[in-house]
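Structure first, then comments.
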Amino acid sequence: MPTPSMRLSKLAIAAAPVLFVLLWSTGFIGARYGLPYIEPLTFLAVRMVFVVLVLGSIALAARVRCPDGPEIGHSLVAGLMVHGLYLGGVFIAISLGMPAGVSALITGLQPILTSTIANRWLGETVTKLQWLGLALGLAGVALVLHDRALVQAGTATGWIANFIALFGITLGTLYQKRYCGKIDWRAGNLVQYAGACVLFGIGAFAFETRVIHWSAELVFAIAWLVLVLSISAIGLMYWLIRRSAASGFASLFYLVPAVTALFAYLLFGERLDALSLAGMALCAIGVVVVNRGGR
């Protein structure tokens, strides 16, 4: 007979993907909320400074094992892609006028890339039912992008940055799963964030004025992105990566655009028409099919 602790554990495992989608979606909203007051690379550099301080304190208090040389190298590579390319691309795109919902939608194409690469690189078998779910998700994305006003909202540079973000998060999560699975998440993430902090700092000094217009909104955005996204959501993401097949985990990203679009509508008035909403619903169905096919 299951004990209360066993039932609680099963509930936590079942709730983890839902919690991840909700938390991850707020990252686009946090960027949209803070970017009117600060340039994107400066924003990320400041964010990473606080993340390193918070996570470093957690790692010291827990006395986690320090990674060895190869583990540090793998963590830096994963961090370059997950934090450097992905976060940098998303923040630059949104700063150039890309709607938060559309930015989430482009990076939501990750399941297609992940399944294709995982099938060859990680040796994971993608079933026919999973391919059907991935195709449904892709069709849903196409329905959302039918709205020309959404497509034309961002600049060409913004679109390029968003696709760089897509490749960054795709390759980064696969690299994390293959090479960083045995590294303590606190120590590994600390190395990743420290490397990203240096990268964004160099970018901010090279390409931006580094002028910051401090406001309550910016302080809230930084605090939310540090504590909720960089600590909680990223830690949960790596926990899910270890427990899930790459294609199954990546399918969760199909749900992020719908949740982000809802938040963006409530907070910023970004609107989607009925066909776009139907496309997001189709994405959600695709996630269900992919996960059923995985079982």
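All figures in this text were calculated on a predicted structure; none of them were measured in a lab.
Of all the heavy atoms in Gly140 and Leu282, the pair that sits closest is N-CD2, 3.6 Å. Considering all non-hydrogen atoms of both residues, Ala78 and Gln176 come closest at CB-OE1, 3.7 Å. Residues Val52 and Leu190 come closest through the heavy atom pair O-CD1, 3.7 Å. Looking at every heavy atom in both residues, Trp24 comes nearest to Ala233 through CE3-CB, 4.3 Å.
Side-chain atoms of Glu208 and Thr42 include a donor-acceptor pair closer than 3.5 Å.
The shortest side-chain heavy-atom distance between Ile212 and Tyr37 does not fall under the 4.5 Å cut-off. In this structure, Trp224 and Thr26 have side chains that are in contact, with non-hydrogen atoms separated by less than 4.5 Å. The shortest side-chain heavy-atom distance between Cys180 and Ile183 falls under the 4.5 Å cut-off. Residues Phe43 and Leu225 meet the side-chain proximity criterion, which asks for heavy atoms closer than 4.5 Å.
The list of side-chain hydrogen bond (donor to acceptor under 3.5 Å, both in side chains) pairs with a residue in residues 43-54, not counting sequence neighbours, reads Arg47-Ser230. Each side-chain hydrogen bond (donor to acceptor under 3.5 Å, both in side chains) pair with one or both residues in residues 88-105, not counting sequence neighbours, appears once here: Ser103-Asn162. Pairs of residues two or more places apart, or lying in two chains, that qualify as ring pair (Phe, Tyr, Trp, His ring centres under 6.0 Å) and include a residue from residues 183-206 are His83-Tyr193. Residue pairs meeting the ring pair (Phe, Tyr, Trp, His ring centres under 6.0 Å) criterion with at least one partner in residues 56-82, sequence neighbours excluded, are His74-Tyr175, His74-Tyr179.
Leu236 contributes atom CG, which lies 11.5 Å from atom CG of Leu229 (distance to the nearest 0.5 angstrom). To the nearest 0.5 Å, atom CD1 of residue Ile231 and atom CG of residue Leu23 are 12.5 Å apart.
Hydrophobic cluster membership for Ile202: Val198 (Ile, Leu, Val, Met, Phe, Trp, Tyr linked by side-chain heavy atoms under 4.5 Å, directly or transitively). Connectivity analysis of hydrophobic side chains (ILVMFWY, heavy atoms under 4.5 Å, direct or indirect) links Val49 to Leu53.
For Arg65, the salt bridge (charged side-chain N to carboxylate O under 4.0 Å, His left out) partners at least two apart in sequence or on another chain are Glu71. In this view, Phe163 and Ile106, Leu109, Trp159, Leu166 satisfy the side chain to side chain contact (heavy atoms under 4.5 Å, CB included) rule, not counting sequence neighbours. Ile72 is linked by a side chain to side chain contact (heavy atoms under 4.5 Å, CB included) to Pro67, Leu76, Val191, counting only residues two or more places apart in sequence or in another chain. A search for side chain to side chain contact (heavy atoms under 4.5 Å, CB included) contacts involving Leu80 returns Leu199, not counting sequence neighbours. Residues satisfying the side chain to side chain contact (heavy atoms under 4.5 Å, CB included) criterion with Val82, sequence neighbours excluded, are Ile169, Met237, Tyr238.
In this structure, Val211 is not a member of the same hydrophobic cluster as Trp214, with clusters built from ILVMFWY side-chain heavy atoms closer than 4.5 Å.
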Indicate every side-chain donor-acceptor pair of residues 87-94 with a distance under 3.5 Å to a residue at least two apart or in another chain.
none

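Glu39 contributes a side-chain N or O that, together with a main-chain N or O of Arg210, makes up a donor-acceptor pair within less than 3.5 Å.
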